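Here the structure is laid out as structure tokens; the discussion comes afterwards.
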Amino acid sequence: MSVPLLDLKAHHEPLHKEIMAAVERTFQSQAFILGSEVGKLEERIAAYCQTKYGIGVTSGTDAILIALMALGIGPGDEVITTPYSFFATAGVIVRLGAKPVFVDIDPTTYNIDPEKIGQVVTTKTKAIIPVHLYGQCADMGPIMEVAKQHKLSIIEDAAQAIGSEYRDGRRACSMGTIGCLSFFPSKNLGCLGDGGMAVTSDPELAERMQILRVHGSKPKYYHKLIGGNFRLDTIQAAVLNVKLDYLDRWTRRRQENAIRYAGLFERSGPVRKGMVRLPVPVYRESGTSHYHIYNQFVLRVGRRDALVAYLKQHDIGAEIYYPVPFHLQECFGYLGYREGDFPESERAAKETIALPIYPELTIEQQTEVVEAVIAFYR
Ligand SMILES: *Cc1c(COP(=O)(O)O)cnc(C)c1O
């Protein structure tokens with residue numbers, strides 16, 4: 001039996017009729033650009049994230065881009081972020097002419113290490129972009145402290161962490177200045193293509209982002225700012241309005257799968273020998289139900305590349321998120337970083353592997369994945 005990393009067909013099949021009805025309604029309305037479904041989704045997602053305003057945009061990447069634009073970040077500015085994330089997190093900083101400044105990760109959570117942020121703050125620093133990687137919030141308490149101390153904005157990259165809760169129950173996107181979400185199909189709440197949203201509780205920033213989303217015009221054809229076309233399609237919003245009702249159920253399934261993985265791996269040879277280490281959900285004991293939403297289930301393992309090849313050979317989906325940290329990417333060579341600058345990110349890039357964790361994963365499939373991993377180390 002093959003086990004994919006993600007099974008979108010199994011995910012969407014039960015909702016086929018409901019989704020198609022929403023698409024049909026949008027088709028009938030012909031309001032393809034910023035139709036009522038967009039506003040409805042913005043309100044619902046903002047509330048879900050414990051924020052006041054949502055601005056539906058073209059992608060998660062554009063959500064971070066528009067957030068930086070709304071904060072006026074550009075040439076001469078520095079933005080602190082992690083070197084271990086999806087490319088978009090750093091790419092958008094450079095696209096605006098600003099300079100990304102990297103800070104190594106905490107090896108347990110793979111999120112930015114707040115202890116190290118203060119050391120790289122300069123007079124040019126304008127913002128911090130913590131990423132809630134794999135679905136678990138970065139350690140926002142101390143990050144917010146540093147930001148407050150140096151008057152920095154915080155943009156939460158919550159592309160992998162919609163609804164994820166920090167230790168005090170505050171949700172991803174509600175702690176920073178602006179939060180950014182992605183509706184890419186592999187995220188916990190995905191649409192049928194690209195989509196994203198920026199959320200905030202600051203009315204001025206919300207308005208700026210609304211204006212930036214339509215080329216910076218308000219009213220139409222009168223341009224206050226230079227924006228772009230960053231609009232979320234009405235059809236995608238309609239689909240997301242259907243899917244949002246199921247999100248908590250899917251999150252629970254992902255958490256159940258994670259717990260089941262832990263049980264299946266427990267006392268197995270590779271775990272005892274230290275060849276496999278399970279993810280550590282650090283807020284599990286805090287009493288929040290969304291302590292980790294497991295967009296990815298990531299192990300730290302020995303002989304990683306051989307394991308990936310072995311699993312592929314046995315038709316088991318596995319992926320490396322991410323093989324090259326930002327500071328070692330060719331396009332960022334001009335920043336002058338070298339190998340060894342961020343040892344934890346470099347080690348994570350060499351030692352981690354993501355296993356299937358999607359909500360529809362069956363017990364049989366999970367057992368097969370675990371047996372294959374155990375067989376590899378035997
Ligand atoms: C997916 C992702 C993005 C980008 O979202 P897109 O919708 O693909 O543009 C940004 N940051 C992180 C951490 C992501 O996982």
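Positions are given from 1, in the same order as the sequence printed here. Order of appearance sets the numbers: ligands from 1, and atoms from 1 within every ligand. What you see is a predicted model; the values in this text were computed from it and never measured.
In this structure, Thr89 has a heavy atom closer than 4.0 Å to ligand 1. Proximity of His132 to ligand 1 is not established, as no heavy-atom distance is less than 4.0 Å.
Under a 4.0 Å criterion applied to the non-hydrogen atoms of Val131, ligand 1 contributes the atoms 13 (C). If you number the atoms of ligand 1 from 1 as listed, the ones under 4.0 Å from a heavy atom of Ser59 come out as 7 (O), 9 (O). Close contacts between ligand 1 and Gly60 involve ligand atoms 5 (O), 6 (P), 7 (O), 9 (O) [criterion: under 4.0 Å to a heavy atom]. Counting atoms of ligand 1 from 1 in the listed order, those under 4.0 Å from a heavy atom of Ser85 are 13 (C).
The single protein non-hydrogen atom nearest to atom 11 (N) of ligand 1 is Asp157 OD2, 2.8 Å, given as residue, atom name and distance.
Between the side chains of Thr200 and Asp202, not a single donor N or O lies within less than 3.5 Å of an accepting N or O.
By the 4.5 Å heavy-atom criterion applied to side chains, Lys312 and Ile316 are not counted as neighbours.
Taking NZ of Lys243 as the reference point, atom CD1 of Ile19 lies at 6.0 Å (rounded to 0.5 Å).
Geometrically, ligand 1 and Lys187 share a nitrogen or oxygen pair separated by less than 3.5 Å.
The backbone and the side chain of Thr61 each have at least one atom closer than 4.0 Å to an atom of ligand 1 (non-hydrogen atoms only). Residue Ala159 touches ligand 1 through its side chain alone, judged by heavy-atom distances below 4.0 Å.
For Arg171 and Tyr48, the positive end sits near the middle of the six-membered ring, less than 6.0 Å away and at most 45° from its axis.
Here the closest heavy-atom approach between residue Pro356 and residue Leu361 is recorded as O-CD2, 3.3 Å.
Looking at Glu344 and Arg347, a side-chain N of the basic residue comes within less than 4.0 Å of a carboxylate O on the acidic one, giving a salt bridge. A salt bridge links Arg44 to Asp245: at least one charged side-chain nitrogen sits closer than 4.0 Å to a carboxylate oxygen.
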